[in-house]
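Note on naming: letters A, B, ... go to the chains in the order of the sequence lines (proteins, then strands), and numbering restarts at 1 for each one. Reckoned from all heavy atoms, side chains included, excluding hydrogens, waters and symmetry mates. These figures come from a predicted structure and were not determined experimentally.
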Protein chains: 2
Amino acid sequence: MPAQVKMIVGAMCVILLGLLHTEKSRMSEPLNDPEIALMTEIASQYYVEGETQEAIAKRLNISRIKVGRLIKKAHAVGIVDVRVRHHPSVSSDLEASLVKRFGIARALIAPDFSDAQSQRHAVAGLVADYLTRRLTDSKIVAVGMGRNVGAVAENVFTQHTCDVSFVSAIGGSLRAGEYMNPDHICRRLAAKFGGESETLYAPALVQDQAVREALQENPTVKQTLDRARRADLALVGVGDMSEDSNMVRMGWFSPQEIAEARLAGTVGDVMGYDFIDIHGRETQAAMRGRVIGLDVHDLRRIPDVVAIASENTKASGILGALRTGVVDTLATSTTNAMTVLSLANATEG
Amino acid sequence: MPAQVKMIVGAMCVILLGLLHTEKSRMSEPLNDPEIALMTEIASQYYVEGETQEAIAKRLNISRIKVGRLIKKAHAVGIVDVRVRHHPSVSSDLEASLVKRFGIARALIAPDFSDAQSQRHAVAGLVADYLTRRLTDSKIVAVGMGRNVGAVAENVFTQHTCDVSFVSAIGGSLRAGEYMNPDHICRRLAAKFGGESETLYAPALVQDQAVREALQENPTVKQTLDRARRADLALVGVGDMSEDSNMVRMGWFSPQEIAEARLAGTVGDVMGYDFIDIHGRETQAAMRGRVIGLDVHDLRRIPDVVAIASENTKASGILGALRTGVVDTLATSTTNAMTVLSLANATEG
DNA sequence: GTTAATGATGATCATATGAACAAGTAATGT
DNA sequence: ACATTACTTGTTCATATGATCATCATTAAC
């Protein structure tokens, strides 16, 4: 191993330690059984029976304020789940159009929201439900990065635990933080579904191709990547080329570079880095050969690639992603779905 | 057909019309798409984002009170679900004891509640979850009557619809009302799970054995009963012999008769009518041969009979039911489970 | 033992929310 | 056309609830 690469790998270790360090912040608390029972009883009376906190407090001989606090805690530990789902009988024809037009396996379409955050949760909720009924023991799920993928874990509501492996499909980035880094998403998913998670111990982006090759030969990295390649299902985000895109927030691109890429015909990215134009063709990009993670070629061999895109800036990116042929399941909003369909007609050929 | 039986069957028709009549009260409202979208958006912002109703109202330019009403309506139509579930790591050893002691397939144990209503919901919630992960397309579920079975439908939270047939396993009773009659329970279950429901067009209890035989030969009745006999899973309640038991409320027994039956060693009933003593043996009862529905013999051939009993007056009834050998899955409370285990030791032999 | 620190508890108050009522509006029957 | 009914919308007010702060207990550190 050349000395230069050695040094760089040394630097990587510091980054990895940084990543590992953030883990401990979300430890599971001890929580004794009687308190759980109390919270369950209170929550049940409050939410299911519709009792007032005061009445519950009186019955159980505790202060009203304590009842309120226990209800709050019940939320925090997951005893109480409030879920907003979408009335059936919505947007099923739109889903059928997308399936037919792009030859994908299925589409999950959430209703429109005026608020971006709500929109993300709505789309993520659909994906979470899809996972709930799709996952069974010993399946492997490859997990990408980004806000949209991260939101999926927050919207999982199932009691049925099964033994699924969630494997990071791309390395980490300090800028992404707990919410968007694939290893943290994996951990949250595993906590909800009951399986195990596997971190890809590598940075998402490295300096040059030499470092990438060195890392890919590393047994730890190689093993996780190979595991991810054998996944039954992959969760990937679709990125856009706006000035506040994920790429810019990650520090991987300056706003100027994004603008240049956009002018050169790039409309979006898949999994956080595979750049594509509106016809689904890969475009040249400064990150080429420097990313540690699954590429389009790997994704194509995964039986069910779920592409998630909630923001309405992403219509052209979604179209490009669909045309690459890697997407099996598309999860997005009603507006995006309609825009993509009309865009597709406009840019035919 | 003898003239006497004919007359009685004529009377039945009036009863059936009465049963049918109650159906229309719970019609599904029309609900236009934009309102659904609005409710979904509002509910999402309120519950998922934690926004205040006032803030949402301001953003969407509608009155605060309207936001409140739409949230309420979102609850009513099922866009918002609040579920209280039980923290994992509770009562699993108790379940194992029951399985081992009585040779049943599994037990579902809910934590204790001081309030009977909450207790029922907790137990029903476990059964609902069990159904959610057990039911698949083209399965048949035989459905009994009673509050405990009825509460199951209220606690189903799933988006995944599948094609299940819910078949009434016993006739109806006017006194039972919408909540407890098997056909209504079937309909509610089918609405939640997405399958179809089938009513047993007969009263639960008839005057004498002759009428019963006449009805059982009726093709409509026979077909439904045969369908129920082929069920993959059955939901049955376990009744107790207290003075305000289901039997009394149904008007099938006077409190005196119940007291006599109790003195004679009857500890409970299965499915609303098969009377048993604490050793699981059938006891003589005034209803013998007059009930239209599956009997213990039929239940024994159903692969998964789920017995549901939440009230803590039912411990001895549960023990009797377990000892009949028809139960495959027992759903009850922690206290009941413990009582049943100690009772079993006390009445061994 | 003393002291700081952390966490739990309860009182007070501002705010969020739902219920009851009133006014307006559309649909329906006469 | 008019009255009637059913239904929706907004106002007012009582109540339910969460935030803030002070107090108290418990633990940890010295």
Side-chain angles (χ1 to χ4, degrees), chain A residues 24-84 87 113-115 117-118 121 154, chain B residues 21-22 24-84 87 113-115 117-118 121 154:
Chain A
K24 73 172 179 186
S25 62
R26 190 182 282 254
M27 294 259 283
S28 71
E29 302 125 78
L31 278 179
N32 43 350
D33 260 24
E35 184 163 34
I36 288 177
L38 187 58
M39 281 194 291
T40 312
E41 169 149 21
I42 289 176
S44 190
Q45 300 201 350
Y46 186 65
Y47 287 110
V48 184
E49 311 291 326
E51 287 269 30
T52 162
Q53 293 187 2
E54 190 114 39
I56 298 170
K58 202 170 150 194
R59 182 170 333 150
L60 300 177
N61 279 323
I62 51 179
S63 73
R64 180 186 69 76
I65 205 75
K66 187 165 185 179
V67 172
R69 282 183 185 138
L70 282 172
I71 289 173
K72 201 178 191 181
K73 194 169 180 185
H75 267 100
V77 298
I79 287 178
V80 176
D81 269 336
V82 180
R83 73 142 60 195
V84 179
H87 203 76
F113 288 80
S114 55
D115 172 56
Q117 185 82 348
S118 306
H121 278 292
E154 257 74 341
Chain B
H21 176 73
T22 59
K24 72 173 181 187
S25 62
R26 190 182 284 252
M27 293 258 282
S28 70
E29 302 125 80
L31 278 177
N32 44 350
D33 259 26
E35 183 161 35
I36 289 178
L38 187 58
M39 281 194 290
T40 313
E41 169 149 22
I42 289 175
S44 189
Q45 300 200 347
Y46 186 65
Y47 288 110
V48 183
E49 311 292 325
E51 288 269 29
T52 162
Q53 293 185 2
E54 190 116 38
I56 298 169
K58 202 170 151 196
R59 182 168 335 148
L60 300 178
N61 279 323
I62 51 180
S63 74
R64 178 187 70 75
I65 202 70
K66 185 164 187 182
V67 171
R69 283 184 185 138
L70 283 171
I71 288 173
K72 201 180 195 179
K73 194 169 180 184
H75 266 100
V77 299
I79 288 178
V80 175
D81 271 335
V82 180
R83 76 142 60 195
V84 178
H87 204 77
F113 289 79
S114 55
D115 173 56
Q117 185 81 348
S118 306
H121 279 293
E154 258 74 340

Practice item. Start with the C-alpha gap between A/Y47 and A/H75, add the side-chain angles, then the distance that decides, and say whether ring-ring contact (aromatic ring centres under 6.0 Å, His included) holds. Key: CA-CA 11 Å; A/Y47 287 110; A/H75 267 100; 5.6 Å; yes

Review point. Of the nucleotides C/dT9, D/dT9, C/dG18, which one has an atom closest to the side chain of A/K66?
Key: C/dT9

Check your understanding: Over how many whole Å does the gap from B/Y47 atom OH to C/dT17 atom P extend?
Key -> 10 Å

Practice item. May I have the distance from A/R69 (atom CZ) to D/dG18 (atom P), rounded to whole angstrom? Key: 11 Å

Point to revise | Any side-chain heavy-atom pair of B/L60 and B/L38 under 4.5 Å | key: yes

Review point. According to a strict under-4.0 Å criterion, is A/Q53 in side-chain N/O contact with OP1 or OP2 of D/dT15?
Key: no

Revision key, fill the gap. When rounded to whole Å, the NZ to C1' distance for the pair B/K73 and D/dC7 reads 11 Å

Check your understanding: Between A/T52 and D/dT15, is there a side-chain N or O to OP1/OP2 distance below 4.0 Å?
Key -> no

Check your understanding: What integer distance in Å separates B/E54:CD from D/dT11:P?
Key -> 12 Å

**Study point:** Side-chain N or O of B/S63 closer than 4.0 Å to phosphate OP1/OP2 of D/dG10
**Key:** yes

Check your understanding: So, is A/K72 close to the D/dT17 phosphate, meaning a side-chain N or O under 4.0 Å from OP1 or OP2?
Key -> no

Exercise for review: Send over the distance from B/E51 CD to C/dT15 C1', rounded to a whole Å.
Suggested key: 15 Å

Review point. So which of A/Q53, A/R59, A/E51 actually passes side chain to side chain donor-acceptor pair (under 3.5 Å) with A/Q45?
Key: A/R59

Check your understanding: Does A/Y46 put a side-chain nitrogen or oxygen below 4.0 Å from OP1 or OP2 of D/dT17?
Key -> yes

Practice item. Return the value, rounded to whole Å, for the distance between atom CG of A/L70 and atom P of C/dT9. Key: 8 Å

**Study point:** Value in whole Å for how far the P atom of C/dT9 lies from CG of A/L38
**Key:** 10 Å

Review point. In whole angstroms, how far is the C1' atom of D/dT17 from the CD1 atom of A/I71?
Key: 10 Å

Check your understanding: Side-chain donor-acceptor pair under 3.5 Å between B/S118 and A/E41, yes or no?
Key -> no

